[in-house]
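Notes to accompany the following structure.
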Amino acid sequence: MPSNDARTLLKTAVPTAAVGVITIVVSAAVAGGKGALGALVGTLVAIAFMGIGLVVLERTAKSLPHLFQMMGLMLYAAQLLLMVIFMALFKDTTLFNPRAFAIALVVSTLAWIAAQTRAHMKAKILYVEPDTQKGDKPEKTGPKA
């Protein structure tokens, strides 16, 4: 994974995990151990889905840049659909508190989106990749003498 991608992943996963820890503590205080477990599962699911999506989107941007915007829209729609399906599958579980799970999933997803937006705004990514072949001299565009 190139350094920009790893940096973006780090700058999004760490704040999301911090928000997840806060959600786990609040859920533990409100709903006990099952609430903490539900919040932990919700946070992990959000980080996993959004992390995989970021990796797929970054690879698509490098290999098929003309499909980047369409892929991003499709990817976010698929992620939200998978999260809704995941929530529907576990709505009646007794393993953990489903309400804490759902709240943690939504809060972690929103934290991820906010952190990813901030990371992309702060990143200094070139719009055009410079030609790096040896012997090529940049063409001057000023007035010729």
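For the single chain, residues carry numbers from 1 onward in sequence order.
- Under a hydrophobic clustering in which Ile, Leu, Val, Met, Phe, Trp and Tyr are joined whenever their side-chain heavy atoms come within less than 4.5 Å, directly or via other members, Leu95 and Phe90 fall into the same cluster.
- A distance-only check finds no donor-acceptor pair linking the side chain of Ser108 to the backbone of Leu105 [under 3.5 Å].
- Tracing side-chain contacts under 4.5 Å through hydrophobic residues (I, L, V, M, F, W, Y), one never reaches Val19 starting from Val25; they form parts of separate clusters.
- If you take CD1 on Ile24 and CG on Leu40, they are separated by 4.5 Å, rounding to the nearest 0.5 Å.
- Rounding to the nearest 0.5 Å places CG of Leu80 at 11.0 Å from CZ of Phe49.
- For the pair Gln116 and Met121, the minimum side-chain heavy-atom distance is 4.5 Å or more.
- Taking CE of Met74 as the reference point, atom CG of Leu81 lies at 11.5 Å (rounded to 0.5 Å).
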Before you tell me yes or no, could you show the steps for Asn97 and Leu37 under side-chain contact (heavy atoms from CB on, under 4.5 Å), namely the whole-Å CA-CA distance, both residues' side-chain angles and the distance that decides it to 0.1 Å? CA-CA 7 Å; Asn97 187 323; Leu37 183 60; over 6 Å; no

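- To the nearest 0.5 Å, atoms CD1 (Ile52) and CD (Gln79) are separated by 9.0 Å.
- Taking hydrophobic clusters as Ile, Leu, Val, Met, Phe, Trp and Tyr residues chained together by side-chain heavy-atom distances below 4.5 Å, Leu64 shares a cluster with Met70.
- In this structure, Lys34 contributes its side chain and Thr94 its backbone to a donor-acceptor pair below 3.5 Å.
- Interatomic distance, Met71 CE to Tyr76 OH, rounded to the nearest 0.5 Å: 12.0 Å.
- Distance CG/Leu73 to CZ/Phe68: 10.0 Å, rounded to 0.5 Å.
- In plain terms, the two heavy atoms of Ala28 and Ala36 that are nearest each other are CB-CB, 3.7 Å.
- Nearest heavy-atom pair, Gly35 versus Ser27, reported as atom, atom and distance to 0.1 Å: O-CB, 3.3 Å.
- Looking at heavy atoms from C-beta onward, Thr109 lies in side-chain contact with Met83 at the 4.5 angstrom threshold.
- Within the 4.5 Å cutoff, no side-chain heavy atoms of Thr12 are placed close to those of Arg118.
- Val56 and Leu9 are assigned to two separate hydrophobic clusters, defined by single-linkage of ILVMFWY side chains at heavy-atom distances under 4.5 Å.
- At a threshold of 4.5 Å between side-chain heavy atoms, the hydrophobic network of Ile, Leu, Val, Met, Phe, Trp and Tyr places Leu57 and Val55 in two separate groups.
- Using cut-offs of 30° and 60° for the angle between ring planes, the Phe101 and Phe96 rings count as tilted.
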Audit row: Leu54, Trp112, side-chain contact (heavy atoms from CB on, under 4.5 Å) steps and yes/no: CA-CA 10 Å; Leu54 180 63; Trp112 181 282; 4.1 Å; yes

